Amino acid sequence: MQKAAQAVIIGGGIIGCALAYELARRGMKEILVVEKNYLCSGATGRCGAGIRQQWGTELNATLSRDSVKRFEQMNEELAYDQDIEFKQGGYLMCAYTESVWTQFEKNVELQQRLGIPVQKVTPEEAKEIVPHLNIEGLIGATFCGTDGHANPFHVVDAYYKAAKRLGVVFETYTEVTGIKAAKGRVNAVQTTKGDIVTPLVINATSGAAGLICNMVGFDLPLYAQRHQALVTEPVEHMQDPMVMSLSHRLYCQQVPHGSFVMGVGDPNEPIGQNINSSWEFLEDMARQVTTVLPILKNLRVVRQWGGLYDMSPDANPILDQVPDAQGMWVLAGFSGHGFMVAPQTAVLVAQKITGGECFMPIEKFGLDRFRRGELLIEPAVC
Ligand SMILES: Cc1cc2nc3c(=O)[nH]c(=O)nc-3n(C[C@H](O)[C@H](O)[C@H](O)COP(=O)(O)OP(=O)(O)OC[C@H]3O[C@@H](n4cnc5c(N)ncnc54)[C@H](O)[C@@H]3O)c2cc1C
């Protein structure tokens with residue numbers, strides 16, 4: 001174990017690995033990524049890996065719009081020896097209630113102003129895009145053809161290999177158990193394999209970010225909440241876009257090898273670290289998805305799993321230093337959409353940490369917004 005580092009990144013998911021790469025690319029040396037399990041074992045390896053630009057806040061829409069450009073170039077940029085499998089089959093966002101439709105109309109205005117190629121579609125047009133969509137009760141939908149999905153394991157692998165080539169060291173199966181600070185600054189990280197002296201600690205642990213902040217006595221406004229997903233047997237290709245319905249709380253996509261991957265949010269899910277699978281999820285998922293996409297009713301489920309959403313009070317990320325523990329950054333609160341915004345989030349934070357010019361105002365993602373009561377509430381979540 002290395003005993004000193006310029007930066008210790010806690011968490012080997014997409015955020016930790018992308019940030020390691022972006023910091024190293026900007027010339028930072030002695031970066032150590034510490035992961036308690038294997039890389040991608042957290043939310044990243046459990047996510048739907050959907051990538052959409054259809055957001056209701058300018059910050060999310062901008063971050064995801066610019067991240068899409070990075071995903072498009074990622075194999076080349078990271079000189080990846082495999083394929084991140086980024087497929088741009090689009091996202092069809094369906095509104096089955098007036099309130100959702102009213103929100104979508106506002107969102108589309110914002111997205112089009114930001115140059116995102118999104119359009120409103122009638123129920124009939126939506127059915128042309130996804131012929132097996134149930135349009136009974138559908139008021140309208142929005143479609144963006146450059147949205148899509150990627151393989152989260154390959155994306156993390158691509159960042160990992162690129163960062164490693166730049167000298168980043170990865171310590172897996174190493175748990176952070178404490179953080180030392182003195183005079184308001186962090187100075188070391190304690191792990192199950194010994195201490196690491198460092199002036200810079202980055203907390204990229206998503207659902208565990210609050211526990212890591214507690215190690216310096218800080219109460220992070222974030223909670224963890226289980227979300228479950230499943231994958232079906234593969235079948236012939238029938239669906240290009242990800243289909244989302246906020247009123248049914250669901251997303252559903254067909255991945256390149258033919259399986260369907262889908263998830264549904266449970267409004268009654270308790271807060272906590274539970275990631276077990278449940279029978280209730282299967283029932284709810286089946287009910288919701290066969291309402292929206294009835295053709296899927298005979299598909300067999302191959303596997304289900306649970307993972308944690310790291311929820312912030314306004315469903316927007318927190319990218320800031322911890323007060324009274326300078327040198328400790330927290331990158332969390334992605335609230336179910338951290339995969340898609342990770343590439344540009346990593347750029348933004350790396351620009352700030354290395355003293356470069358930030359491509360967008362990082363202060364907007366600061367902790368102070370909660371104290372001021374100026375929340376950036378993201379309406380396009382389920
Ligand atoms: C079911 C589900 C579906 C989702 N679908 C999507 C989607 O379609 N699109 C999208 O953009 N996002 C989606 N998300 C959200 C997305 O997965 C996350 O926002 C994103 O992966 C967060 O990345 P991360 O690197 O911050 O966290 P993680 O991938 O969770 O990485 C954090 C790592 O920190 C490690 N860690 C924790 N504590 C410690 C410790 N003490 N010491 C060392 N290591 C530690 C963990 O083991 C973990 O590997 C989904 C999430 C879930 C659960």
Side-chain angles (χ1 to χ4, degrees), residues 8-20 32-53 55 60 63-64 67-68 71 91 147-150 152-153 155-156 159 170-179 189-193 201-215 222 224-231 242 244 250-253 261-266 269 273 275 277 281 285 304-312 315 317-319 330-343 345-346 381-382:
V8 173
I9 297 174
I10 314 171
I14 189 169
I15 296 290
C17 293
L19 182 67
L32 188 56
V33 178
V34 182
E35 164 56 53
K36 72 174 176 183
N37 294 314
Y38 53 91
L39 299 182
C40 214
S41 58
T44 306
R46 297 159 187 273
C47 79
I51 296 164
R52 68 169 149 123
Q53 303 154 86
W55 291 100
N60 267 332
L63 268 185
S64 56
S67 290
V68 161
F71 282 113
Y91 251 71
D147 289 347
H149 58 86
F153 295 96
V155 171
V156 167
Y159 272 121
F170 289 80
E171 288 287 347
T172 51
Y173 301 103
T174 307
E175 184 167 356
V176 170
T177 52
I179 293 169
V189 170
Q190 297 171 298
T191 81
T192 44
K193 294 189 185 160
V201 177
I202 292 127
N203 175 0
T205 58
S206 64
L211 305 174
I212 300 287
C213 281
N214 288 345
M215 293 175 182
L222 176 140
Q225 196 170 38
R226 176 179 63 170
H227 273 251
Q228 299 184 65
L230 65 78
V231 61
M242 171 83 90
M244 258 191 106
L250 75 79
Y251 60 88
C252 175
Q253 68 183 2
V261 173
M262 60 188 83
V264 68
D266 176 357
E269 179 66 39
Q273 299 284 325
I275 55 166
S277 299
F281 160 75
M285 182 80 252
Q304 69 177 111
W305 63 90
L308 294 179
Y309 273 20
D310 47 326
M311 299 298 301
S312 75
I318 299 167
L319 313 174
V330 55
L331 277 60
F334 291 98
S335 307
H337 49 276
F339 179 72
M340 63 185 83
V341 296
T345 300
V381 283
C382 67

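Bear in mind that the values here come from a model prediction, so they are computed numbers and not experimental data. Just follow the structure's listing: the first ligand is 1, and inside any ligand the first atom is 1.
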Atom [atom1] of [X] and atom [atom2] of [Y]: how far apart are they, to the nearest 0.5 Å?
X	Y	atom1	atom2	result
Tyr91	Tyr251	OH	OH	8.5 Å
Ser206	Tyr309	OG	OH	12.0 Å
Met311	Ser335	CE	OG	4.0 Å
Leu308	Thr205	CG	OG1	10.5 Å
Cys47	Met340	SG	CE	8.5 Å
Thr192	Tyr173	OG1	OH	12.5 Å

[X], any N or O under 3.5 Å of ligand 1 N or O:
X	value
Ala229	no
Thr44	yes
Lys36	yes
Phe339	yes
Met242	no

Please compare Ile15, Thr205, Val33 and report which has the shortest non-hydrogen distance to atom 25 (O) of ligand 1.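 Answer by nearest heavy atom: Ile15.
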
Please classify the [X] to ligand 1 contact at 4.0 Å (heavy-atom distances, strictly less than): side chain, backbone, both or neither.
X	result
Ile51	neither
Cys40	neither
Thr177	neither
Ala43	both
Tyr251	side chain
Met340	both
Ala49	backbone

Are Tyr38 and Phe153 an aromatic pair by the rule of ring centers under 6.0 Å? no

Taking only heavy atoms of [X] into account, list the atoms of ligand 1 that are under 4.0 Å away from them.
X	result
Gly336	6 (C), 10 (C), 12 (N), 13 (C), 14 (N), 15 (C)
Ser206	26 (O), 27 (O), 28 (P), 30 (O), 32 (C)
Ile212	41 (N)
Thr174	43 (C)
Ser41	47 (O), 49 (O)
Gly42	29 (O), 30 (O), 48 (C), 49 (O)
Arg46	1 (C), 2 (C)

Counting only N and O atoms by type, is there a donor-acceptor contact under 3.5 Å from the side chain of [X] to the main-chain atoms of [Y]?
X	Y	result
Gln304	Leu230	no
Thr44	Ile14	yes
Ser64	Asn60	yes

Please list the nearest protein heavy atom to [atom] with its residue and the distance rounded to 0.1 Å.
atom	answer
atom 5 (N) of ligand 1	Gly48 N, 3.0 Å
atom 48 (C) of ligand 1	Glu35 OE1, 3.3 Å
atom 50 (C) of ligand 1	Cys47 CB, 3.3 Å
atom 8 (O) of ligand 1	Gly50 N, 2.9 Å
atom 38 (N) of ligand 1	Ala208 CB, 3.6 Å
atom 34 (O) of ligand 1	Gly11 CA, 3.3 Å
atom 40 (C) of ligand 1	Val176 N, 3.8 Å
atom 19 (O) of ligand 1	Gly338 N, 2.9 Å

Pick one: which of His227, Arg226, Gln225 meets side-chain hydrogen bond (donor to acceptor under 3.5 Å, both in side chains) with Glu269?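 With Glu269 as partner, side-chain hydrogen bond (donor to acceptor under 3.5 Å, both in side chains) holds for just one option, Arg226.
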
Can you see which heavy atom on [X] is nearest to which on [Y], and at what distance?
X	Y	value
Leu222	Gly333	CD1-N, 3.2 Å
Val176	Met215	O-CE, 3.5 Å
Val261	Gly48	CG1-CA, 4.5 Å

So is Gly263 in contact with ligand 1, going by heavy-atom distances below 4.0 Å?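 In this structure, Gly263 fails to qualify as a contact of ligand 1 - no heavy atom is under 4.0 Å.
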
Evaluation steps, side chain to side chain contact (heavy atoms under 4.5 Å, CB included), between Val8 and Val34: CA-CA 7 Å; Val8 173; Val34 182; 3.8 Å; yes

